[in-house]
Amino acid sequence: MPELPEVEVVRAGLERHVAGRVIASVDILHPRAIRRHVEGPADFAGRLGGVKIEAARRRGKYLWLDLADGEAMLAHLGMSGQMLVQPGEAPDEKHLRVRLRFADGGPELRFVDQRTFGGLALSELVEADGTPVPATIAHIARDPMDPLFDPARTVSALRRRRTEVKRALLDQTLVSGVGNIYADEALWRSRLHWARPTDRLTARQAEAVLGAASEVMGEALLAGGTSFDTLYVNVNGQSGYFDRSLNAYGREGRPCGRCGTAIRRDPFMNRSSFSCPSCQPKPRPRRRTP
DNA sequence: AAGATCGCCTGCAGGC
DNA sequence: TGCCTGCAGGCGATCT
């Protein structure tokens with residue numbers, strides 16, 4: 001699954017391969033990929049024809065293309081989405097959902113998505129916190145790699161929540177771009193249990209876990225951001241980075257890299273949380289207020 | 001109104 | 001061997 005660093009690699013690939021080009025035509029091979037465009041697939045395809053792409057942008061795991069008509073083509077890769085820049089004569093991929101052809105006759109842009117959790121839509125740009133973003137994602141907070149991300153503000157917002165710290169890390173309206181894998185890694189690095197109540201975190205702990213999330217993403221981007229210059233913009237997330245550098249996620253029963261205790265897996269929101277029982281002790285139950 | 005839960009979708013691993 | 005079940009995951013919709 002593409003995490004934020006992979007999505008940033010895709011954004012850079014789009015900037016390089018499609019910015020400045022004029023869309024000629026759009027094929028929609030699976031309407032589910034356009035389900036978030038409420039006016040429907042025909043409207044989507046019709047409005048993109050003849051439009052120039054100005055730039056490729058990202059917030060959290062959302063991508064968008066700034067269009068010359070002032071709108072944006074918003075994209076989310078979901079669990080299995082890929083953006084491929086392919087020569088027109090390349091055979092269709094098995095899970096090809098949308099194809100954009102260009103007026104210059106050069107390579108086309110293909111949205112491929114096996115599980116169809118991802119999708120494309122057109123959205124007008126609005127101003128949110130001083131930055132133009134597609135209206136449909138104006139509720140998405142800045143991610144930790146955003147130059148205008150405000151750590152102090154996010155720390156206070158995190159500590160004002162009344163929930164568990166991992167739920168808060170996954171809440172895209174608080175901080176965006178943190179998925180299940182990087183949440184577990186950030187918690188391991190900052191030695192916090194996933195169920196720690198947010199309103200009992202010290203400022204230092206809140207800073208540490210947000211800082212760790214930012215670090216993990218930065219390291220992954222450095223490790224995986226090397227494949228820009230091929231036409232194939234790889235988005236499948238299998239960069240090899242995970243195998244070598246995950247300390248908690250997916251490591252049930254294997255020794256913690258800090259203390260050697262076996263990593264444990266707990267059920268969490270219909271999926272899993274991985275943590276070290278020794279470095280990340282379970283919080284004591286909240287005392288009833290008298 | 002914030003916080004919690006559900007459901008979408010497909011391939012694959014594991015059990016028998 | 002092949003069927004079955006469970007799991008993976010982000011996020012909008014829908015509940016409490």
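Treat the numbers as computed from the prediction; the structure is a model and nothing was measured. To find a chain, count down the sequence lines: A is the first, B the second, and so on, and within it residues start at 1.
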Over how many whole Å does the gap from [X] atom [atom1] to [N] atom [atom2] extend?
X: A:Phe268; N: B:dG3; atom1: CZ; atom2: P; answer: 14 Å
X: A:Leu170; N: B:dG3; atom1: CG; atom2: P; answer: 14 Å
X: A:Leu174; N: B:dA2; atom1: CG; atom2: P; answer: 13 Å
X: A:Met269; N: C:dA8; atom1: CE; atom2: C1'; answer: 14 Å
X: A:Gln172; N: C:dG12; atom1: CD; atom2: P; answer: 8 Å
X: A:Asn270; N: C:dC15; atom1: CG; atom2: P; answer: 17 Å
X: A:Leu169; N: C:dC11; atom1: CG; atom2: P; answer: 14 Å
X: A:Gln114; N: B:dG11; atom1: CD; atom2: P; answer: 5 Å

[X], nearest nucleotide to its side chain (from [options]):
X: A:Arg167; options: B:dG3, B:dT5, B:dG11; result: B:dT5
X: A:Ser272; options: B:dC9, C:dA8, C:dC11; result: C:dA8
X: A:Asn180; options: B:dG3, B:dT5, C:dG10; result: C:dG10
X: A:Tyr62; options: C:dG12, B:dG3, C:dG10; result: C:dG12

Return no unless some side-chain N or O of [X] is found under 4.0 Å from OP1 or OP2 of [N].
X: A:Lys166; N: B:dG3; answer: no
X: A:Arg35; N: C:dG12; answer: no
X: A:His76; N: C:dC11; answer: yes
X: A:Arg32; N: B:dC8; answer: no
X: A:Ser80; N: B:dC9; answer: no
X: A:Arg161; N: B:dA2; answer: no

Can you check whether [X] reaches [Y] side chain to side chain, under 4.5 Å on heavy atoms?
X: A:Lys166; Y: A:Met269; answer: no
X: A:Met73; Y: A:Ile53; answer: no
X: A:Leu29; Y: A:Arg97; answer: no

DNA chain B: 5'-proximal contact among A:Arg97 and A:Arg160 (nearest heavy atom): A:Arg160

NA contact type, A:Gly78, heavy-atom cut-off 4.0 Å: base, sugar-phosphate, or nothing? nothing

Mind checking A:His139 for me? I need base, sugar-phosphate or nothing, with any heavy atom below 4.0 Å counting as a touch.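 The answer is sugar-phosphate, as A:His139 gets under 4.0 Å only of primed atoms, P, OP1 or OP2.
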
Enter the distance from A:Gln172:CD to A:Leu169:CG here, rounded to the nearest 0.5 Å.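 Atom-to-atom, A:Gln172:CD and A:Leu169:CG are 10.5 Å apart.
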
Donor-acceptor check, side chain of A:Gln280 to backbone of A:Arg191, threshold 3.5 angstrom: yes or no?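 Checked: no pair found.
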
Please give me the minimum heavy-atom distance between A:Arg251 and A:Phe274, naming the atom from each residue.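 That would be N-CD2, 3.9 Å.
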
With a 3.5 Å cut-off and heavy atoms only, can you find an N or O donor on one side and an acceptor on the other between the side chain of A:Arg271 and the base of C:dG10? yes

